[in-house]
Number of protein chains: 2
Amino acid sequence: MPEQNGVEVCEFLCAHESVVSEVREHMPDEDTLFELAEFYKVFGDSTRIRILTVLCRHEMCVCDLATILSMNQSAISHQLRILKQARLITSRREGKQVFYSLADDHVRHILDTAIEHLAER
Amino acid sequence: MPEQNGVEVCEFLCAHESVVSEVREHMPDEDTLFELAEFYKVFGDSTRIRILTVLCRHEMCVCDLATILSMNQSAISHQLRILKQARLITSRREGKQVFYSLADDHVRHILDTAIEHLAER
DNA sequence: TAAACACATGAACAATTATTCATATGAAGG
DNA sequence: CCTTCATATGAATAATTGTTCATGTGTTTA
């Protein structure tokens, strides 16, 4: 079997060379695609989706989020950190409490687009 | 400590009751949010993102995808199955080969939206 | 119909990740 | 200051998931 980067590939009878090389030239670089996947990964968890859905309506302190989602405070805090690192949310402190809210309307738009897509099957 | 569904929650001094109940009433049902997360999860893997990126340009047989992405055929097939179950791609058989392509332009749009978002930091 | 080929798939394994538990930080009030 | 409360975080655990390996299915061709 022919190999490529140590990985077995099919006989190149199967490889449509012109298409393959054309696509290879136009591929975005690996880093961009990796970032893209990492970005989506943040949305790919129902706890985080639920948090974002709540924040779509109101800014919210950690404790209230925990109450609404019936989860313990620690779990919420961990997920908030991930959302914040991804710049999807921001926070402001008010005394002992920290209020979280959506970073911008882009996030709303991204959620809406997906909801539409699902609605259309 | 007060409890709710067996999970510890903060004293309700902290819970802003009117906001909490208002948000609770307007939450989409759990199933919808779960589906939404599952949907994003499909995009949240760089192999699948790379496959989709390739299919954005050309329909492609499994073997060529494996060649382009320098991965073995089995790994590609597994990921194609996930993409197909999520209705992001479709396939047609031509003799021994199976050609995969994007299910619709919605997928392109979803990818583009995220790329834009990342570009804006 | 037997062999070769492209692809699919189940099981095992490896890696990633969400949640919990215990504890730390940081602000407010006594 | 010392305590209390809201939140953050490190480590351990449990669950999920991507890749590999071996093999199965379906199609063409000799």
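Throughout, a chain's letter reflects where its sequence line sits, starting with A, and its residues are numbered from 1.
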Closest contact, heavy atoms only, B:Thr67 versus A:Arg24: O-NH2, 2.9 Å
Sugar-phosphate only, base, or nothing, as touched by A:Ile82 at under 4.0 Å among non-hydrogen atoms: sugar-phosphate
Positions of residues 52-61 of chain B (non-hydrogen atom under 4.0 Å from DNA chain D), listed by number: none
A:Thr47 vs C:dT19: side-chain N/O to OP1/OP2 distance below 4.0 Å: yes
Sugar-phosphate, base or nothing in reach of A:Phe99, heavy atoms under 4.0 Å: nothing
Candidate nucleotides C:dA18, D:dA8, D:dA6, ranked by approach to the side chain of A:Gln79 - the nearest: C:dA18
Nearest-angstrom distance from the residue atom CG of A:Leu65 to P of C:dT19: 13 Å
Residue pair B:Ser77 / B:Gln73, side-chain donor-acceptor N/O under 3.5 Å: yes
Listed partners of A:Asp105 passing side chain to side chain contact (heavy atoms under 4.5 Å, CB included), at least two apart: A:Arg108
Distance below 4.0 Å between B:Tyr100 side-chain N/O and C:dA6 OP1 or OP2: no
Pairing residues for A:Glu94 by the side chain to side chain donor-acceptor pair (under 3.5 Å) criterion, not counting sequence neighbours: A:Arg92
Straight-line distance of B:Asp104 CG to B:Thr90 OG1, nearest 0.5 Å: 9.0 Å
Gap between atoms CD1 and P, on A:Ile76 and C:dT20 respectively (whole Å): 10 Å
Distance in angstrom units between B:Gln85 CD and D:dG18 P, rounded: 12 Å
Check: A:His26 side chain, A:Glu22 main-chain N or O, donor-acceptor pair, under 3.5 Å: yes
Per-nucleotide protein contact string for nucleotides 21-30 of chain D, where B marks a base within reach and S marks sugar-phosphate only (heavy atoms under 4.0 Å, - for neither): BB----BS--
Protein-nucleotide distance (B:Arg81, atom CZ; C:dA11, atom P), rounded to Å: 12 Å
Close approaches to DNA chain C from residues 39-46 of chain A, in residue order (heavy atom, under 4.0 Å): A:Lys41, A:Asp45
Sidechain-backbone polar pair: B:Arg48 side chain, B:Phe43 backbone, donor-acceptor under 3.5 Å: no
Value in whole Å for how far the C1' atom of D:dG18 lies from CG of B:Leu69: 14 Å
Between C1' of C:dC5 and CG of B:Asp64, the distance in whole Å: 14 Å
Nearest listed nucleotide, side chain of B:Met71, among D:dA8, D:dT19, C:dC7: D:dT19
Any donor-acceptor N/O pair, A:Thr32 side chain to A:Pro28 backbone, under 3.5 Å: no
Side chain to side chain donor-acceptor pair (under 3.5 Å) against B:Lys84, all qualifying residues, sequence neighbours excluded: B:Ser91
Point-to-point distance, once rounded to the nearest 0.5 Å, from CG of B:Leu80 to CD1 of B:Ile89: 4.5 Å
Distance, rounded to the nearest Å, where B:Leu80 contributes CG and C:dT9 contributes P: 11 Å
Among B:Leu69, B:Leu88, B:Ile68, side-chain contact (heavy atoms from CB on, under 4.5 Å) partner for B:Ile51: B:Leu69
A:Phe99 and A:His58 aromatic centres sub-6.0 Å: no
Integer-rounded Å distance: C:dA27 C1' and A:Arg92 CZ: 15 Å
